[in-house]
Colleague: 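Structure below; questions to follow.
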Amino acid sequence: QVQLVESGGGLVQTGGSLRLSCAASGRPSRSYFTAWFRQAAGREREFVAAIVLIGGNTYHADSVKGRFTISRDNAKNTVYLQMNSLKLEDTAVYYCAARANIGSESLIRFGGEYDYWGQGTQVTVSS
């Protein structure tokens, strides 16, 4: 069982920055994919970014490309989401998700591919 704990959310003004962290613990000790999804009030959950353990390939949604960056620190078993130039529409609960076993990177944007989810951290962007 893998436990994921997100942190780093908060209130920020438009144009500001936040860095979210997702710390993993438990077994298996590593995940194959780790991703960030978000869900705004009244909207469906959407893919934000993902990183592959082997090779380090990263994927970002078009809506955040150039503003958000996913990265990982294997020694700390932690994945980060650096969010810059935040917009009002980035307001959402952000969830970390992990897939334990090998999977197809072509499916990395789909929430159904992930085995474990964190509790979420609120990000609120104000004008």
Colleague: Which heavy atom of Leu86 sits nearest a heavy atom of Leu18, and at what distance?
Modeller: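 Looking at all heavy atoms of both residues, the closest pair is CD1-N, 3.9 Å.
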Colleague: Decide yes or no for Val48 and Leu81: does some side-chain heavy atom of the first lie under 4.5 Å from some side-chain heavy atom of the second?
Modeller: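 When only atoms from C-beta onward are counted, Leu81 and Val48 do touch, with a gap below 4.5 Å.
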Colleague: Taking atom OH of Tyr94 and atom SG of Cys22, what is their separation to the nearest 0.5 Å?
Modeller: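 Tyr94 atom OH to Cys22 atom SG measures 14.5 Å (nearest 0.5 Å).
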Colleague: With a 4.5 Å heavy-atom cut-off, do Ser126 and Leu11 have their side chains touching?
Modeller: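 SC-SC contact between Ser126 and Leu11 confirmed.
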Colleague: Please report the C-alpha distance between Thr34 and Cys96 in whole Å, then the side-chain angles of each, then the deciding distance to 0.1 Å, and finally whether the side chain to side chain contact (heavy atoms under 4.5 Å, CB included) criterion is met.
Modeller: CA-CA 7 Å; Thr34 302; Cys96 178; 3.8 Å; yes
Colleague: Quick one: which residue pairs count as a ring pair (Phe, Tyr, Trp, His ring centres under 6.0 Å) with a foot in residues 34-76, not counting sequence neighbours?
Modeller: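 Ring pair (Phe, Tyr, Trp, His ring centres under 6.0 Å) check on residues 34-76 returns Phe37-Phe47, Phe37-Tyr114, Phe37-Trp117.
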Colleague: Should Thr69 and Thr58 count as side-chain neighbours, where that means a heavy-atom distance under 4.5 Å?
Modeller: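 No. Closest side-chain heavy atoms not under 4.5 Å.
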Colleague: Under a single-linkage rule joining Ile, Leu, Val, Met, Phe, Trp and Tyr whose side-chain heavy atoms are separated by less than 4.5 Å, which residues share a cluster with Phe110?
Modeller: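 Answer for Phe110: Leu107.
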Colleague: Once rounded to the nearest 0.5 Å, what's the spacing between atom NZ of Lys76 and atom OG of Ser21?
Modeller: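 With rounding to 0.5 Å, NZ (Lys76) is 9.0 Å from OG (Ser21).
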Colleague: By the salt bridge (Lys or Arg N to Asp or Glu O under 4.0 Å) test, which pairs, at least two apart or in different chains, include something from residues 55-75?
Modeller: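 Those involving residues 55-75 are Asp62-Lys65, Arg67-Asp90.
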Colleague: Hey, mind stepping through Asn57 and Glu105 against side chain to side chain contact (heavy atoms under 4.5 Å, CB included) and telling me if it holds?
Modeller: CA-CA 9 Å; Asn57 287 347; Glu105 291 183 36; 3.2 Å; yes
Colleague: In terms of heavy-atom contacts, does CD of Gln122 have more than 12 from other residues, nucleotides or ligands at under 6.0 Å?
Modeller: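 Buried by this count: over 12 neighbours within 6.0 Å.
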Colleague: Would you check, one step at a time, whether the test side chain to side chain contact (heavy atoms under 4.5 Å, CB included) holds for Asn101 with Tyr32?
Modeller: CA-CA 6 Å; Asn101 300 312; Tyr32 188 69; 6.0 Å; no
Colleague: Under 4.5 Å between any side-chain heavy atoms of Tyr95 and Glu6, yes or no?
Modeller: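 Sidechains of Glu6 and Tyr95: in contact.
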Colleague: Between Ala100 and Tyr116, which heavy-atom pair has the shortest distance, and what is it?
Modeller: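 Where Ala100 meets Tyr116 most closely, the heavy atoms are CB-CE1, 4.0 Å.
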Colleague: Determine the minimum heavy-atom distance between Ala40 and Thr91, stating which atoms define it.
Modeller: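 Nearest heavy atoms, Ala40 then Thr91: CB-O, 3.6 Å.
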Colleague: Compare all side-chain heavy atoms of Leu88 with those of Ser127 and state whether any distance is below 4.5 angstrom.
Modeller: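 Side-chain contact under 4.5 Å: yes.
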Colleague: Carefully, step by step, assess Met83 and Leu20 under the rule side chain to side chain contact (heavy atoms under 4.5 Å, CB included).
Modeller: CA-CA 8 Å; Met83 306 188 295; Leu20 304 184; 3.8 Å; yes
Colleague: What are the two closest heavy atoms between Ser17 and Gln82, and how far apart are they?
Modeller: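 Of all heavy-atom pairs spanning Ser17 and Gln82, the closest is CB-NE2, 4.0 Å.
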Colleague: Are Ile54 and Ile51 in one and the same hydrophobic cluster, where Ile, Leu, Val, Met, Phe, Trp and Tyr link if side-chain heavy atoms are under 4.5 Å apart?
Modeller: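 Different hydrophobic clusters.
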Colleague: Does CD belonging to Glu44 count more than 12 external heavy atoms closer than 6.0 Å?
Modeller: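 No - once you tally the heavy atoms of other residues, nucleotides and ligands closer than 6.0 Å, there are 12 at most.
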Colleague: Minimum heavy-atom separation for Val79 to Ile70, with atom names?
Modeller: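 That closest heavy-atom pairing would be CG1-CG1, 3.7 Å.
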Colleague: Could you check if a side-chain atom of Val64 sits within less than 4.5 angstrom of a side-chain atom of Arg38, using non-hydrogen atoms only?
Modeller: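 SC-SC contact between Val64 and Arg38 confirmed.
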Colleague: With rounding to the nearest 0.5 Å, note down the distance linking OG1 in Thr14 to CD in Glu89.
Modeller: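 Taking OG1 in Thr14 and CD in Glu89, the distance rounds to 10.0 Å.
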Colleague: Between Thr121 and Val93, is there a side-chain heavy-atom distance shorter than 4.5 Å?
Modeller: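 With C-beta onward as the side chain, the pair stays apart.
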